[in-house]
Amino acid sequence: MSTATLDKLEAEAQTSHNIKVTFRVRRFNPEISDEATWQDFELEIDPKERVLDGLHKIKWDLDGSLTFRRSCAHGICGSDAMRINGKNRLACKTLIKDINPAKPITIEPIKGLTVLKDLVVDMEPFFQAYRDVMPFLITKGNEPTRERRQSAEDRERFDDTTKCILCAACTSSCPVFWNDGQYFGPAAIVNAHRFIFDSRDEAGEQRLEILNDKDGVWRCRTTFNCTDACPRGIEVTKAIQEVKRALITRRF
Amino acid sequence: MSAETTTPAVNESVSLFDADNPAPVIEPPRKRTKKTPKSTRTNFELYGWLFMRLSGIVLVVLVLGHLLIQLVLDGGVSKIGFAFVAGRWASPFWQAWDLIMLWLAMLHGANGLRTVINDYAERDTTRFWLKMLLYTATVFTVLLGTLVIFTFDPNIR
C-alpha cells in the first residue's frame with residue numbers, strides 16, 4: 001500500500017507540473033536611467049511555488065541584477081513586501097496559482113516610499129514613524145524582583161497587534177500616507193496600540209498624546225486598505241479605531 | 001528569455017548616468033524625518049473629528065426637514081417667494097432652525113474641505129493659500145448669513 005503511494009508520488013514528481021508564467025517586473029536602476037521601466041521575464045515554474053521562488057529563479061538564472069529584499073523567506077521577517085498584481089503582499093506568502101498565472105504577474109515596489117533600486121525602497125521614514133510612537137515597555141518605579149505578571153485576559157486585549165512584522169504593506173497601501181508622509185501610518189499606530197493596551201505599560205497616555213496630534217489617528221479615513229493588505233491578518237483599521245475611542249473616552 | 005518592453009527610453013539615457021553619477025531618486029512628498037512633525041499638543045483634531053460626527057447627525061434632520069418644507073410640502077418650490085420667507089422668519093423657531101443649519105453646514109463643510117486640502121495638497125504654500133481661501137469664504141458666508149437672519153426686515157420696501 002505504502003509503496004504504491006510512494007510510486008504514485010514519484011511518478012507524479014516526474015511528470016512536470018510546470019507552467020509558463022510571465023513576471024512583469026518594475027525595474028529602476030539610477031546608475032543606468034532616471035526612469036523606471038517594465039521588464040518581462042518568462043519562467044517555467046510550478047504553480048504551487050511562491051512569487052518569491054519566481055524572483056529567485058530570475059535572479060539566479062536569468063538576470064542577476066534584479067534587486068529585492070528578502071531574509072527568512074517564510075513570512076516572518078517582513079522584508080519582501082511588494083505590490084503584486086496591484087496589491088501589497090509578501091512575495092514569500094503568495095502562491096503563483098492564487099494570482100491568475102494565465103496573465104502576466106506585475107511586481108512593483110511598495111508605494112509612498114523612495115525607490116532606491118528595482119524593488120528596494122528606503123524604509124527610513126517608515127521606521128522613523130515607528131520610533132516616534134515609542135514602541136517599548138515604559139514603567140515607573142522600581143523593577144520588580146520577578147517577572148511582570150499579566151492575566152490571560154489582559155494579554156488577549158492587545159494580542160492582535162503583537163503579530164505585526166513591520167513589513168510596511170499596510171502603511172504603503174494607505175492613500176493618506178501616499179500623499180503625506182508626515183502621517184504616522186497604520187503600522188506605527190498598530191505598534192502604539194500594542195503598548196497602549198498593555199496592562200504592564202505605564203506610558204499609554206504619552207503615546208495617546210502623540211497620536212492625538214495633527215498627523216496622528218485623526219487623519220485615518222477608514223478606507224480599510226491596511227486591513228486588506230496586512231499579510232498577518234491584523235485588523236489594522238479596528239486597532240486605529242480603538243486608539244481613537246481610547247482618546248475620546250479618556251478626554252471626556 | 002527576457003524582453004525589454006520599453007527599450008528606446010533606456011537606450012537614450014544610458015550615457016547620462018553611471019555608478020559615480022546616479023540618477024536622482026523620486027522622494028515622496030513631505031517625508032518623515034527625525035525632526036518632523038512638530039508636536040502641537042492640542043485636542044483640536046479630536047474636537048474636529050468629533051464635531052464632524054455630531055454635526056452630521058444633526059444636519060441630516062435639519063437639511064432633510066428643510067428640503068421637505070421648501071421643495072415638497074404645500075405646493076413645492078413654486079410657493080417660495082419673498083412673502084414665504086418673510087412669513088417663516090417671523091417665527092423665532094424657523095430663525096433658530098436656519099441659523100443652526102447655516103453654522104453647522106458651513107463649519108462641517110469647511111472642516112471637511114480642510115481635511116481634503118490636508119490630504120491632497122502637496123506643497124506647503126499651496127496648502128496654506130487654499131486653506132486661507134477656504135477660511136475667508138467660510139467666515140464671509142457665515143457672517144453674512146447670520147447678519148441677514150437677525151436683521152431681516154419684512155417691510156423693506
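Letters go in sequence order (proteins before strands), and every chain restarts at 1.
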Verify, without hydrogens or angle tests, whether A:Arg221 (side chain) and B:Asp119 (backbone) share a donor-acceptor contact under 3.5 angstrom.
-> no
Under 3.5 Å: donor-acceptor pair, side chain of A:Asp34, backbone of B:Pro24 = no
Which atoms of A:Val176 approach chain B - backbone, side chain, both or neither, heavy atom under 4.5 Å = side chain
Answer with side chain, backbone, both or neither: which region of A:Leu113 has an atom nearer than 4.5 Å to a non-hydrogen atom of chain B?
-> backbone
Least distance between heavy atoms, [X] atom then [Y] atom:
X        : Y        : result
B:Glu27  : A:Thr114 : CA-OG1, 3.7 Å
A:Phe28  : B:Val25  : CE2-CG1, 4.0 Å
B:Thr42  : A:Asn212 : O-ND2, 3.6 Å
A:Asp122 : B:Lys31  : OD2-NZ, 4.1 Å
A:Ser33  : B:Ala23  : O-CB, 3.7 Å

Once you round to the nearest 0.5 Å, how far does CH2 of A:Trp218 lie from CG of B:Leu50?
-> 7.0 Å
Contact leader toward chain B among A:Lys244, A:Lys111, A:Glu124, where contacts are heavy-atom pairs under 4.5 Å | A:Lys244
With heavy-atom distances below 4.5 Å as the criterion, would you say the side chains of [X] and [Y] are in contact?
X        : Y        : result
B:Arg32  : A:Asp132 : yes
A:Asp213 : B:Glu45  : no
A:Ile248 : B:Trp49  : yes

Chain A heavy atoms under 4.5 Å from B:Leu46: which part of the residue, side chain, backbone, both or neither?
-> both
Of A:Arg219, A:Gln182, A:Lys214, the residue whose pairing with B:Asn118 passes side-chain contact (heavy atoms from CB on, under 4.5 Å) = A:Arg219
